[in-house]
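Structure, as structure tokens:
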Amino acid sequence: MLVGDEKILEKNDQTHVTIADFGVQALISFELQQLFPSIPLVAEEDSAFIRSSNAADSKSNTLVESISSFFTKHVNNNGPPLTHDDVLRAIDRGGKDAVSFDSNPATYWLLDPIDGTKGFLKGEDSLYVVGLALVVDGKLAVGVMGCPNLAETTVGDTEDESIAACPGHGILMVSHVGCGTWSRPMSAEISQLTTAPDVWKRCSVDPCSVAQMARFCIVDSHTWDMMPLSAHFSSTMDESEPRDENKILLQNSCGGSLSKYLLVACGRMSVFILLARAEKLLKAWDHAVGVICVEEAGGQTCDWSGKPLDFGADLTGHRIIYPSGGVLATNGALHDKLVEMVSANYKNSNVE
């Protein structure tokens with residue numbers, strides 16, 4: 001999983017991809033195909049870039065070798081040894097040309113192999129996430145998130161306000177519709193999962209119902225003045241700074257969108273708000289597992305008009321979502337008030 005100059009490539013949209021992105025997608029795709037062969041996979045990567053002449057030969061070959069080495073060490077395979085082509089086919093099972101859907105509700109997996117690649121490339125202080133969701137008949141049913149660098153003490157510990165990364169610790173979060181959201185430390189032994197009743201802990205959003213006492217987060221590429229709530233509140237990132245009814249606490253955490261959902265689901269953040277930029281499409285895998293984990297933990301999610309996120313809006317690909325304005329994920333207690341503020345200011349800005 002370690003990255004180096006020869007294991008990082010720049011895709012055609014100027015985003016970076018690493019051995020981790022391809023390796024995780026290949027591994028999970030292969031395992032899902034063995035267990036659930038009839039359920040298609042919608043995922044972020046495909047092997048076209050690796051195979052293309054746009055990738056420098058030395059880098060491309062190094063990347064394929066690295067992916068295959070990672071894959072063969074971890075995959076459960078009772079058949080003949082897997083070739084490089086087998087690995088690339090496993091990646092392509094989640095690619096954009098692997099499956100298309102009709103207008104009826106569908107059942108499929110949504111995978112983000114590494115959410116927060118930019119942070120992942122920075123090293124140990126990144127809260128990157130591996131996220132997998134199952135959509136059944138068009139509705140979110142199951143979600144699983146792994147965040148290897150999130151310190152265990154930041155989950156379910158209301159006295160510890162830290163959201164710093166802690167390499168080698170990490171948590172696994174799972175959610176099932178109607179059954180809540182649960183987490184356990186990644187350091188737990190497999191044998192403990194059935195013998196130690198306290199390994200899994202139920203996650204709950206925080207109970208804060210006063211905006212100026214809440215903890216807000218946005219993605220690293222956004223600023224507070226880009227958010228419609230900035231018309232109502234100024235922000236500070238200094239927890240010691242006094243706050244009044246017009247100022248909120250904006251907390252920083254290095255990571256992608258899924259890490260923000262995870263922090264809301266486990267009560268470390270109160271609100272996550274994201275602007276959907278016109279020039280950048282929002283991808284379903286960046287949000288699906290986060291939405292079910294937040295909602296099953298007692299929170300609420302919607303777009304800036306207050307409508308639920310539609311993961312089937314992209315009828316043939318189920319890869320893109322089209323929220324009005326952006327995305328809002330809250331602890332529930334603040335939801336109606338914030339939706340009213342966000343919706344009103346978003347509509348006013350569109351009129352202007």
Starting at [atom1] of [X], measure out to [atom2] of [Y] and round the result to the nearest 0.5 Å.
X: Leu32; Y: Leu27; atom1: CG; atom2: CG; answer: 9.5 Å
X: Asp46; Y: Asp92; atom1: CG; atom2: CG; answer: 5.5 Å
X: Phe272; Y: Thr330; atom1: CZ; atom2: OG1; answer: 12.5 Å
X: Leu249; Y: Phe233; atom1: CG; atom2: CZ; answer: 13.0 Å
X: Glu296; Y: Arg202; atom1: CD; atom2: CZ; answer: 7.5 Å
X: Lys201; Y: Trp182; atom1: NZ; atom2: CH2; answer: 10.0 Å

Is any side-chain heavy atom of [X] closer than 4.5 Å to a side-chain heavy atom of [Y]?
X: Ile273; Y: Val327; result: no
X: Met173; Y: Cys203; result: yes
X: Val144; Y: Leu172; result: yes
X: Glu295; Y: Leu140; result: no
X: Met145; Y: Leu258; result: yes
X: Leu274; Y: His222; result: yes
X: Ile28; Y: Trp109; result: no
X: Gln251; Y: Cys217; result: no

Chi angles and distances behind the side-chain contact (heavy atoms from CB on, under 4.5 Å) call for Phe22, Val87: CA-CA 9 Å; Phe22 288 119; Val87 176; over 6 Å; no
[Y] reachable from [X] in the ILVMFWY side-chain graph, under 4.5 Å edges:
X: Met226; Y: Ile218; result: yes
X: Ile321; Y: Leu315; result: no
X: Leu111; Y: Phe36; result: yes
X: Tyr322; Y: Leu328; result: no

Heavy atoms from other residues, nucleotides or ligands near CE of Met213 exceed 12 (cutoff 6.0 Å): no
Glu340 atom CD, neighbour heavy-atom count above 12 within 6.0 Å: no
Step-by-step side chain to side chain donor-acceptor pair (under 3.5 Å) determination, Ser270 to Asp206: CA-CA 6 Å; Ser270 311; Asp206 82 355; 2.6 Å; yes
Pair Asp225-Thr223, side chain to side chain donor-acceptor pair (under 3.5 Å): steps then yes or no: CA-CA 6 Å; Asp225 60 8; Thr223 58; 2.5 Å; yes
Ignoring hydrogens, what is the shortest heavy-atom contact between [X] and [Y]? Give both atom names and the distance.
X: Ser183; Y: Ile171; value: CB-CD1, 4.4 Å
X: Phe216; Y: Met269; value: O-SD, 4.1 Å
X: Asp112; Y: Glu44; value: OD1-OE1, 3.0 Å
X: Ser257; Y: Val219; value: OG-CG1, 3.8 Å
X: Ala214; Y: Leu334; value: CB-CD1, 3.6 Å
X: Asp220; Y: Lys260; value: OD1-NZ, 4.1 Å

Quick check: does any side chain N or O of [X] sit under 3.5 Å from a backbone N or O of [Y], one acting as donor and the other as acceptor?
X: Gln25; Y: Glu45; value: yes
X: Thr107; Y: Asp137; value: yes
X: Glu245; Y: Gln212; value: no
X: Arg215; Y: Arg268; value: yes
X: Ser29; Y: Ala26; value: no
X: Asn149; Y: Tyr128; value: no
X: Thr181; Y: Cys293; value: yes

side-chain contact (heavy atoms from CB on, under 4.5 Å) partner of Phe71, chosen from Leu82, Val24, Asn77: Leu82
Residue pairs, two or more places apart or on separate chains, that pass ring-ring contact (aromatic ring centres under 6.0 Å, His included) and touch residues 289-316: Trp304-Tyr346
Side-chain ion pair, Asp86 and Arg89, N-O less than 4.0 Å: yes
Trp224/Leu229 under side-chain contact (heavy atoms from CB on, under 4.5 Å): CA gap, chis, key distance, verdict: CA-CA 8 Å; Trp224 182 247; Leu229 288 175; 3.8 Å; yes
Working for side chain to side chain donor-acceptor pair (under 3.5 Å), residues Thr83 and Asp85: CA-CA 5 Å; Thr83 66; Asp85 281 341; 5.1 Å; no
Ring geometry between His287 and Tyr261 (parallel below 30°, tilted from 30 to 60°, perpendicular above 60°): perpendicular
Intermediate values then yes/no, side-chain contact (heavy atoms from CB on, under 4.5 Å), Lys139 and Val177: CA-CA 9 Å; Lys139 302 293 185 181; Val177 64; over 6 Å; no
Modelled atom types, side-chain donor and acceptor of Asp303 and Ser305, under 3.5 Å: yes
